[in-house]
2 protein chains.
Amino acid sequence: MKRKITLKDIAKELEVSISTVSKSLKDSPEIGEDTREKVKAFAALYNYKPNNIAISLKNRRTKNIALIIPEIVNDFFGEVIGGVEQVANEKGYNVIVCLSNESFDKEVVNIDTLAHGGQVDGFIISLSKETMLRQDYNHLIEVENQGMPLVMLDRVTEQVLCDKVIVDDARGSYNAVSHLIEQGCKKIALITTVDYISVGHLRTQGYIKALGDHGLELDPSLIVRIDGIAGCEDPIKKLVENQDIDGVFAVNELFAVTAMKAVQNHGKKVPQDVAIIGFSDGKLLKHATPAVSTVSQHGEEMGRVAVKMLLKRLQSDKEEESFSTRVIKTSLIKRESSGS
Amino acid sequence: MKRKITLKDIAKELEVSISTVSKSLKDSPEIGEDTREKVKAFAALYNYKPNNIAISLKNRRTKNIALIIPEIVNDFFGEVIGGVEQVANEKGYNVIVCLSNESFDKEVVNIDTLAHGGQVDGFIISLSKETMLRQDYNHLIEVENQGMPLVMLDRVTEQVLCDKVIVDDARGSYNAVSHLIEQGCKKIALITTVDYISVGHLRTQGYIKALGDHGLELDPSLIVRIDGIAGCEDPIKKLVENQDIDGVFAVNELFAVTAMKAVQNHGKKVPQDVAIIGFSDGKLLKHATPAVSTVSQHGEEMGRVAVKMLLKRLQSDKEEESFSTRVIKTSLIKRESSGS
DNA sequence: TGTTAACACGAAACCGTTATAGTTTGTCTA
DNA sequence: TAGACAAACTATAACGGTTTCGTGTTAACA
């Protein structure tokens with residue numbers, strides 16, 4: 001590795017002190033104009049860039065932020081990354097992306113390493129499934145105790161006090177289900193996740209409330225709770241074949257598209273026989289045939305907001321204040337799968 | 001920000017020197033066993049972790065690598081990130097993900113900042129479209145000149161000498177098209193990108209060769225070249241409606257699924273009337289109805305291989321040697337869209 | 001009893017910057 | 001012509017580690 005040019009190199013070459021070089025480059029009035037110009041010209045010529053590692057050490061901040069997400073092959077998190085990266089870069093921050101792969105252990109290791117190692121100034125995190133199941137948030141609380149800012153995104157918990165960015169899951173699904181009802185659906189199935197996942201739980205509540213408000217009865221046999229992503233086909237197929245349904249609300253992309261496939265394979269038409277609506281606006285729903293209506297959570301926007309909250313904390317010296325939770329509005333994207 | 005505990009703190013507390021603490025924690029035989037144990041116990045108690053920034057400064061290496069990709073809302077790059085992250089983490093490296101958003105300028109800025117700022121030890125990059133169009137690779141050549149290892153992935157150029165990881169695009173599409181021909185297709189359309197994109201060009205070549213080898217004539221009116229992602233619907237629709245085709249080979253997910261939609265909307269059945277095959281194995285194809293056959297490029301594997309090549313360079317002190325290009329085999333995933 | 005080597009530890013330099021506190025000059029003033 | 005003061009630099013001490021080179025103590029040996 002060829003060594004990069006340093007202040008010392010410039011100083012030696014121009015026969016001035018390191019301080020002079022440093023100050024010249026920062027346009028300090030302490031240094032005479034001619035010296036200043038000379039140094040700057042030389043630096044530009046040799047393409048000098050200050051060593052950020054040294055600066056980090058000096059300033060005790062790295063200008064790096066960590067983004068910890070459960071998985072990446074999911075359009076929602078993809079969008080989040082995009083949003084985070086965009087704003088962070090604008091503000092001169094780098095983003096270190098870490099995948100927990102839905103594993104508690106990996107989440108803990110990632111956070112501990114980055115936090116104690118002093119590699120990042122703050123965290124944006126979306127909890128892994130395992131973490132939510134265990135309800136063990138000590139690693140996060142410790143981060144907070146260290147005085148490192150932490151922003152939780154989408155998959156959050158009230159057991160950690162920090163800034164949060166979420167969508168109004170309950171209202172989003174309320175709207176989705178209401179939409180189905182307005183389209184004439186009477187027997188609407190819900191395909192959701194197990195309850196310990198915050199968003200799954202809230203979306204289920206929205207479904208229940210929408211039915212109630214529109215005078216429809218809640219039929220538990222129309223609700224399927226799915227744990228993993230892996231084996232979702234079977235229960236969905238069973239639901240579609242055994243229940244007489246005319247609408248489906250699925251809490252994520254995959255469930256929605258899988259349900260549509262099951263419906264079509266079962267010889268029914270979407271949306272004529274069964275209307276379908278999903279949650280999260282990825283490519284999967286957009287490019288399905290027919291295109292699937294959905295509740296958009298605006299992942300990019302969420303990412304952008306999360307960074308902004310984080311940077312605000314990083315840039316204000318006064319600690320504490322109170323924490324806030326930003327709720328990003330969802331919007332209903334009506335496509336072919338839920339009627340005209 | 002509460003200050004993290006340092007060697008100095010431990011030293012003061014235990015009334016030994018900083019060196020003693022440092023050596024104890026590294027299990028140096030220079031230090032007596034009891035002192036060593038005492039220090040280690042104390043460090044463990046206070047959860048001491050060395051400051052990686054300081055270590056980076058001292059060692060002149062950061063244990064960070066940069067991964068620069070054109071976009072993220074694309075399953076292929078999502079998989080690549082996964083693979084890179086996995087191996088990198090195993091080896092104690094962090095991954096800084098940067099998006100060029102297909103922009104030359106952003107690619108250059110990202111690379112310059114990270115390279116000169118000394119934030120990373122090496123790069124893995126997939127070129128932006130704009131970069132390939134302009135054929136300006138000076139930013140990459142400069143990285144190389146600095147002695148920083150660079151691995152190019154998927155979208156590469158021969159104009160930069162470095163390690164590369166690619167798939168055999170030509171062979172992959174040759175196989176795909178041959179498969180269609182074996183299924184009885186005679187008039188196979190090609191939906192591809194403009195030629196300056198290395199992979200688009202190669203995939204087109206594979207198509208042409210497959211036709212030739214099977215005695216089919218090349219009909220230029222069956223080839224559609226699409227520039228952006230945005231307006232791909234129209235030309236595809238036109239192709240489907242105006243040409244009498246019985247097969248489609250699309251060089252990416254989106255084109256494939258858009259073509260399928262056009263075919264179905266045009267009143268034809270997939271695969272009975274028109275067989276379809278795509279490239280890259282994302283969710284879009286897997287969960288379409290019918291599921292679309294494709295050429296898998298094994299993105300995760302490519303990511304893994306790329307990091308390994310990078311780390312090998314980083315860990316060997318001897319420079320130069322020769323560069324190698326690893327070709328990852330594609331595999332044909334036969335699904336419903338191309339017949340039984 | 002003096003020499004020496006092993007042992008256990010400390011001092012100091014260094015990585016590249018920045019910030020603070022000097023130190024030279026030269027000029028102007030009283 | 002000494003004294004004050006500004007201008008233009010330089011020296012130094014951090015930041016938090018690692019590492020090389022001492023150094024003082026003790027024990028073994030001739």
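Basis for what follows: all heavy atoms, side chains included, without hydrogens, waters or symmetry-related copies. All chains are named by letter (A, B, ...) in the order of the sequence lines, taking the proteins before the strands, and each is independently numbered beginning at 1.
Counting heavy atoms from C-beta outward, A/R304 and A/E90 have side chains that stay 4.5 Å or more apart. Counting heavy atoms from C-beta outward, A/I10 and A/Y46 have side chains that stay 4.5 Å or more apart.
When the P atom of D/dC15 is taken as reference, atom CD1 of A/I18 falls 18 Å away, rounded to whole Å.
Counting distance only, with no hydrogens placed and no angle test, the side-chain atoms of A/S19 and the base atoms of D/dA11 include a donor-acceptor pair under 3.5 Å. For A/K58 against C/dT20, a side-chain-to-base donor-acceptor contact under 3.5 Å is absent.
When each of C/dG16, C/dG10, C/dA19 is scored by its nearest atom to the side-chain atoms of A/L57, the top-ranked nucleotide is C/dG16. Of all nucleotides listed (D/dT18, C/dG16, C/dA11), D/dT18 comes nearest to the side chain of B/L7. For B/K23, whose side chain is taken as the heavy atoms from C-beta onward, the closest listed nucleotide among C/dG16, C/dG10, D/dT10 is C/dG10. In this structure, the nucleotide among D/dC15, C/dT17, C/dC9 sitting nearest to the side chain of A/R60 is D/dC15.
Across all strands shown, B/K8 has heavy atoms under 4.0 Å from sugar-phosphate atoms exclusively, and none from any base. Counting non-hydrogen atoms under 4.0 angstrom, A/S56 reaches nothing in the nucleic acid. Within the 4.0 angstrom heavy-atom criterion, only backbone atoms of the sugar-phosphate kind lie near B/T6; the bases stay farther away.
Between A/S22 and C/dA19, a side-chain N or O to OP1/OP2 separation shorter than 4.0 Å is absent. For C/dT18, one of the phosphate oxygens OP1 or OP2 lies less than 4.0 angstrom from a side-chain nitrogen or oxygen of A/K26.
Each end of the helix from C/dT1-D/dA30 to C/dA30-D/dT1 yields a helix axis from five base pairs, and these two axes differ in direction by 80° (to the nearest 10 degrees).
A donor atom on one side chain and an acceptor atom on the other are not found under 3.5 Å apart for A/N64 and B/Q119.
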